[in-house]
Number of protein chains: 2
Amino acid sequence: MNIRHLTFRLLQVYVAVVRAGSISEAARRLHLTQPTVSQQLRRLAETVGEPLLESRQGRLVTTEAGGELYRASREVLVRFDDVEDYLASLRGGERGRCSIALVNTAQYVLPRLLGPYSRAFPEVDLTLHIGNRRQVLTRFERQDDDLYVFSHPPSLAHARAGRFLRNPLVVVAPRDHPLAGCEQVAMSELLGERFLLREPGSATRMLFESWLQEQGLTLGPTLQMASNEAIRVGVASRMGLAVLSEHVLPPEHSDLVILPVAGLPIESHWQFIVRRDRRLPHAALGLLRFAAGHLSECVEQRFLSNELEELLAGLGSAPSAG
Amino acid sequence: MNIRHLTFRLLQVYVAVVRAGSISEAARRLHLTQPTVSQQLRRLAETVGEPLLESRQGRLVTTEAGGELYRASREVLVRFDDVEDYLASLRGGERGRCSIALVNTAQYVLPRLLGPYSRAFPEVDLTLHIGNRRQVLTRFERQDDDLYVFSHPPSLAHARAGRFLRNPLVVVAPRDHPLAGCEQVAMSELLGERFLLREPGSATRMLFESWLQEQGLTLGPTLQMASNEAIRVGVASRMGLAVLSEHVLPPEHSDLVILPVAGLPIESHWQFIVRRDRRLPHAALGLLRFAAGHLSECVEQRFLSNELEELLAGLGSAPSAG
DNA sequence: GCCCATCATAGATAATCATCTATGGTGCAT
DNA sequence: ATGCACCATAGATGATTATCTATGATGGGC
């Protein structure tokens with residue numbers, strides 16, 4: 001039996017014939033002519049090398065070999081129906097996998113979105129990679145993931161972006177800081193104090209530094225800590241001041257205060273970034289759709305800034321068009 | 001996904017590519033050129049409507065859709081390997097079904113052959129139909145069975161025959177019959193006695209009657225009974241005499257004697273008959289082979305008359321040639 | 001004995017498959 | 001930067017598939 005030229009179509013026809021018990025009847029059901037079905041059947045029998053059907057009082061019934069082929073054909077066709085279902089669910093974004101790389105600060109808020117999403121689409125296998133801006137950028141360049149979350153996007157030549165969340169950077173101080181409670185503070189008043197900074201690859205640091213540069217200011221003593229958590233605790237322990245995303249602060253931060261520095265908060269936005277040159281998996285598309293529709297239920301209203309619909313519109317028909 | 005033009009070959013190639021993790025490597029293993037495999041892959045991806053593979057650090061790995069297709073393909077190919085095994089075992093005669101129609105008298109001896117055969121090939125599904133000559137002939141004409149056992153074959157225009165067992169017909173009488181123990185008896189001496197005969201469709205009766213005709217003899221009173229068993233018991237009970245196959249007599253028949261009638265036994269042979277116009281199932285062929293080889297171990301030597309090898313030789317290469 | 005339905009065969013054709021050779025782009029490793 | 005391995009694309013070709021129409025054979029029912 002030479003399996004090479006066996007077509008699924010052939011099996012479909014064969015199964016129909018066995019079910020109908022008649023070539024002509026099968027032909028009618030399949031909207032084919034009777035000779036077509038006859039010939040298909042002959043070819044199949046030749047491939048198998050055994051007679052498949054025999055006539056028993058007017059009805060075609062399978063031979064031993066034909067019966068086995070029938071069983072196998074049915075199983076195989078059912079298996080491929082399953083594949084079709086699976087593909088359909090992939091396309092609907094109900095299943096599949098989606099890998100997201102996000103910058104450190106976003107890890108404080110993204111779970112609010114991903115939690116409900118995961119409950120809605122439990123068959124989607126989500127992977128999160130968390131790093132600072134530079135690390136996420138590297139992943140972007142290596143095309144490691146399907147979605148990227150930056151507050152400052154890479155060159156848009158190779159990417160599309162859609163903002164979805166405000167990310168205000170504020171100055172935090174210990175609760176008992178002398179300037180806590182003031183109406184307004186000038187940054188220059190704070191430059192004598194030590195600032196706790198993230199590592200150089202961090203977006204928070206980058207934004208803060210470029211803001212300072214715009215203002216023509218220079219920091220005094222600094223201390224570098226590679227984690228927002230560490231910095232937050234450090235500030236609470238009076239090691240110094242820091243500029244942090246508001247999202248990093250716990251809802252009740254009794255040991256910290258936000259200083260109302262003039263010109264702050266530094267406004268930035270987190271954005272979902274997708275590569276232009278890479279086809280977006282259906283699951284990732286589904287996640288973006290979910291975010292576009294449900295973000296407002298997941299995060300505080302004051303942070304909302306949902307421009308995902310625009311991103312989706314751009315992706316919809318031409319996933320990889322430039 | 002249009003399944004119609006999906007070939008098993010295509011799935012084989014796809015599976016090879018996934019296993020190799022490389023198109024070129026798969027091509028080498030399949031003894032194909034690289035572009036061939038590339039193109040097959042493209043066609044498969046088009047049929048499915050999804051990308052199937054993506055490059056991950058130099059190795060091709062499946063996408064979500066590709067993984068599902070790979071699993072399904074493997075299962076399907078394995079299933080058809082099973083079909084091949086099954087066909088091989090069918091062809092070897094180790095499995096399958098075989099329907100045999102046999103004349104009444106043969107039922108006393110055929111089980112001696114079929115018992116060992118069944119133990120040797122337990123996967124073969126044997127069906128026996130037992131009737132008198134006329135009934136078996138009808139089955140033969142309707143092509144109901146694979147093998148037929150007659151003592152007198154039908155026209156050999158549509159059949160091949162192979163003798164395998166002597167079937168001597170003898171006159172039986174009650175143990176205390178006046179002529180029991182004689183050296184030689186003439187049939188004419190017996191014509192005044194009542195003979196117990198089988199029904200008209202019976203071969204035993206037919207052979208007896210044509211023998212009588214040859215001898216120019218005519219029976220006296222008769223009594224018809226449609227069963228060899230009934231006739232045997234009838235003779236033992238002194239209802240009359242009878243002509244029966246020796247095989248019908250139990251090994252120890254203390255209440256019956258065989259009268260040494262001149263010109264008897266009537267010699268006939270049971271034969272396996274196969275239709276020329278019908279392909280013999282492998283299992284039936286296997287049974288004939290088994291019979292050819294093992295008959296001598298199954299029946300008494302004096303009945304042996306095995307010409308099945310000749311029948312098999314005729315069947316071997318051209319099962320349906322005239 | 002004739003008719004109807006069923007199946008088989010033959011011949012035709014457009015589509016498709018399964019391959020090849022030749023060539024061009026990309027990216028990693030020297 | 002040079003080369004090698006890998007993949008993709010293009011174009012060609014013979015085999016096979018999938019389908020048809022037309023016609024012949026067969027077998028059961030009135």
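Order of the sequence lines sets the chain letters (A, B, ...), proteins ahead of strands, with each chain counted from 1.
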Legend entry - Cation-pi geometry met for B:R139 and B:Y148 (6.0 Å, 45°): no
Legend entry - Distance (rounded to the nearest 0.5 Å) between B:L147 CG and B:L285 CG: 9.0 Å
Inset, instruction - Five pairs at each end of the helix from C:dG1-D:dC30 to C:dT30-D:dA1: take the axis at both ends and give me the angle between them to 10°. - result: 30°
Legend entry - Interatomic distance where CG belongs to B:L41 and P belongs to D:dC6 [whole Å]: 16 Å
List every contact pair, protein side and nucleotides 28-30 of chain D side both N or O, where the distance is under 3.5 Å.
none

Inset, instruction - Flag yes if more than 12 heavy atoms outside B:R134 fall under 6.0 Å of its CZ atom; otherwise flag no. - result: no
Inset, instruction - Calculate the interatomic distance between A:F8 atom CZ and D:dA18 atom C1'; express it in whole Å. - result: 17 Å
Inset, instruction - Heavy atoms only: give me the nearest B:N132-B:S202 pair and the separation to one decimal. - result: CB-CA, 4.1 Å
Inset, instruction - Describe the nucleic acid contact of B:R28 in one word from base, sugar-phosphate, nothing, applying a heavy-atom distance below 4.0 Å. - result: sugar-phosphate
Legend entry - For atom CG of A:L60 and atom P of D:dT26, their distance in whole Å: 17 Å
Inset, instruction - Summarise protein proximity over nucleotides 18-30 of chain C in one line of letters, 5' to 3': B for base, S for sugar-phosphate only, - for none, counting protein heavy atoms closer than 4.0 Å. - result: SBBBB--------
Inset, instruction - Round to a whole Å and report the spacing from CZ of B:R59 to C1' of D:dA5. - result: 16 Å
Inset, instruction - Please find out if less than 6.0 Å separates the ring center of B:F8 from that of A:F8. - result: yes
Legend entry - Nucleotide C:dT6, atom P - distance to CZ of A:R42 in whole Å: 20 Å
Inset, instruction - Determine whether the side chains of B:Q40 and B:T36 contain a donor N or O and an acceptor N or O closer than 3.5 Å. - result: no
Legend entry - Short N-O contact, A:E75 and A:R71, less than 4.0 angstrom: no
Legend entry - Salt bridge B:R133-B:E199, side-chain N to carboxylate O under 4.0 Å: no
Legend entry - Separation of D:dT17 P from A:Q12 CD (nearest whole Å): 16 Å
Inset, instruction - Assign the ring pair A:Y14 / A:Y70 to parallel, tilted or perpendicular, where the plane angle (0 to 90°) is split at 30° and 60°. - result: perpendicular
Inset, instruction - May I ask you to evaluate whether A:S38 reaches the phosphate of C:dT9, defined as a side-chain N or O under 4.0 Å from OP1 or OP2? - result: no
Legend entry - Whole-Å distance separating the CG atom of A:L44 from the C1' atom of D:dT17: 13 Å
Inset, instruction - Report yes if the side chains of A:L128 and A:L114 come closer than 4.5 Å at any heavy-atom pair, otherwise no. - result: yes
Inset, instruction - Can you measure from CD (A:Q135) to CG (A:L102) and round to the nearest 0.5 angstrom? - result: 11.5 Å
